[in-house]
Protein chains: 2
Amino acid sequence: MADIHPEHAHIIEQTKANMPSEEILEKTAEVFKVFGDKTRIRILSALSEGEMCVCCLCDLLEMNQSAVSHQLAVLKSARLIKSRREGKQIYYSLDDAHIGAILYTGISHAEED
Amino acid sequence: MADIHPEHAHIIEQTKANMPSEEILEKTAEVFKVFGDKTRIRILSALSEGEMCVCCLCDLLEMNQSAVSHQLAVLKSARLIKSRREGKQIYYSLDDAHIGAILYTGISHAEED
DNA sequence: TGAACATATGAACAATTGTTCATATGTTCT
DNA sequence: AGAACATATGAACAATTGTTCATATGTTCA
């Protein structure tokens, strides 16, 4: 590891002071981690069009019900989606508009170049 | 797996038609995956203040040089950061303004509630 | 109440990931 | 050219993750 040049010491302190807290950094990484899976992106993308029940998602994604439910649980515990029951079926939707915005930003970035 | 109700079939087709391509969905997940690590979020957060050399990052993050370089390589191959050499040192910075925007959106979300 | 349906959940396994250690590459200065 | 410095990279390992299979929970309807 190299010695720190005198003129760098100040920048390091400055940057350290401006960094979000460890707790926020941790939370931020956790949120992105949840977005960082193709199956979950597909679910979020579908839900960005409106609420949908589990069986529809299974059909849409062509995945078995267990795999879909597991990912819905991950998304829900991260508060990216919410659910409501209607009879036997459970409908999922994006938790708030913010989620759609994050998703859209990421998709836009991926669509470039 | 349940049968699809007739009124759902239409929604499924509609949603499927509006979904980004598999390639875009894949890319989107990959980008978020790179954002989904605390060390990398700390690096990106630091670089959002301006360019920084590797040894400064090591000092700032209190991590060894190898670990930092490995993560810089991940960030660079995902085109989230770029580098420039100045003598013996290599300075890293965010690849474009878009990256800062995505980071900021995630941090803002984490800061809520 | 019991059968059929819709969804959730636990265990297990392969695959992926982040860090460390050791070493290689590339630059500067004498 | 050789020494010192700054960074990159390969191998190895523990830890985490996504899916599958089997089964549990909760709801509706006869």
Side-chain angles (χ1 to χ4, degrees), chain A residues 1-8 12 25-26 29-44 47 51-78 80-93, chain B residues 1-8 12 25-26 29-44 47 51-78 80-93:
Chain A
M1 185 117 58
D3 286 347
I4 298 305
H5 297 192
E7 78 268 25
H8 283 167
I12 292 172
L25 292 167
E26 179 78 51
E30 287 311 309
V31 171
F32 281 128
K33 195 175 291 180
V34 176
F35 277 94
D37 175 79
K38 192 183 167 192
T39 296
R40 291 192 293 264
I41 289 288
R42 296 211 294 158
I43 292 173
L44 293 171
L47 298 185
E51 67 173 11
M52 199 170 271
C53 62
V54 180
C55 61
C56 284
L57 284 167
C58 293
D59 189 73
L60 178 64
L61 306 177
E62 295 174 65
M63 288 179 64
N64 69 60
Q65 179 267 319
S66 180
V68 172
S69 272
H70 274 295
Q71 297 299 2
L72 288 170
V74 172
L75 289 164
K76 191 174 183 187
S77 87
L80 268 47
I81 59 175
K82 58 182 193 273
S83 63
R84 107 187 144 75
R85 178 182 283 276
E86 185 174 311
K88 278 180 287 189
Q89 312 197 33
I90 296 186
Y91 287 81
Y92 282 91
S93 54
Chain B
M1 186 115 60
D3 284 348
I4 298 305
H5 296 195
E7 78 267 26
H8 283 166
I12 291 173
L25 293 167
E26 180 79 50
E30 287 310 309
V31 171
F32 281 129
K33 196 176 291 180
V34 176
F35 276 95
D37 175 77
K38 191 184 168 189
T39 296
R40 291 192 294 264
I41 288 289
R42 296 211 293 155
I43 292 173
L44 293 171
L47 298 184
E51 67 173 10
M52 199 171 272
C53 63
V54 180
C55 60
C56 283
L57 284 168
C58 292
D59 189 74
L60 177 64
L61 306 177
E62 296 174 65
M63 287 181 65
N64 69 60
Q65 180 267 319
S66 180
V68 172
S69 272
H70 274 294
Q71 297 299 2
L72 288 170
V74 172
L75 289 164
K76 191 173 182 188
S77 88
L80 269 47
I81 60 175
K82 58 181 191 273
S83 63
R84 104 187 147 77
R85 178 182 282 276
E86 184 174 311
K88 278 181 287 192
Q89 310 197 32
I90 295 186
Y91 286 80
Y92 282 92
S93 55

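Note that these values count all heavy atoms, side chains included, but never hydrogens, waters or copies made by symmetry. In the text below, chain A, chain B and the rest are named by the order of the sequence lines, each starting its count at 1.
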With both pairing distances under 3.5 angstrom for Watson-Crick or G-U wobble, and | for a partner in another strand, the correct string for DNA chain C is ||||||||||||||||||||||||||||||
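Both stacking criteria are satisfied for His70(B) over the base of dT9(D): a centre-to-centre distance under 5.5 angstrom and an angle between ring planes under 30 degrees.
Note: CG (Asn64(B)) to P (dT9(D)) measures 16 Å, nearest angstrom. In this entry the distance linking CD1 of Ile43(A) with P of dG18(D) reads 11 Å, nearest Å. Between Gln65(A) atom CD and dG26(D) atom C1' there is a gap of 13 Å when expressed in whole angstrom units.
Contact annotation: Arg40(A) side-chain N/O to dG18(D) OP1/OP2 distance is under 4.0 Å. Of the side-chain N and O atoms in Ser69(B), none sit less than 4.0 angstrom from OP1 or OP2 of dT9(D). Contact check, Tyr92(B) against dA8(D): a side-chain N or O comes under 4.0 Å of OP1 or OP2. Phosphate contact (OP1/OP2 of dT27(D), side-chain N/O of Gln89(A), threshold under 4.0 Å): absent.
Map Ser66(A) and Lys88(A) each onto its nearest nucleotide of DNA chain C; the residue landing nearer the 5' end is Lys88(A). Along DNA chain C, the nucleotide nearest Ser83(A) and the nucleotide nearest Val74(B) are compared for position; the residue whose nucleotide lies closer to the 5' end is Ser83(A).
The existence of a salt bridge linking Arg84(B) and Glu51(B) is confirmed by a sub-4.0 Å separation between a basic side-chain nitrogen and an acidic carboxylate oxygen.
Arg42(A) places a side-chain N or O within donor-acceptor distance of the main-chain N or O of Leu61(A), the cut-off being under 3.5 Å.
Using a 4.0 Å heavy-atom criterion, one finds that Lys33(B) contacts the sugar-phosphate atoms exclusively.
Listed here is the closest heavy atom pair of Cys58(A) and Gln65(A): SG-CA, 3.5 Å.
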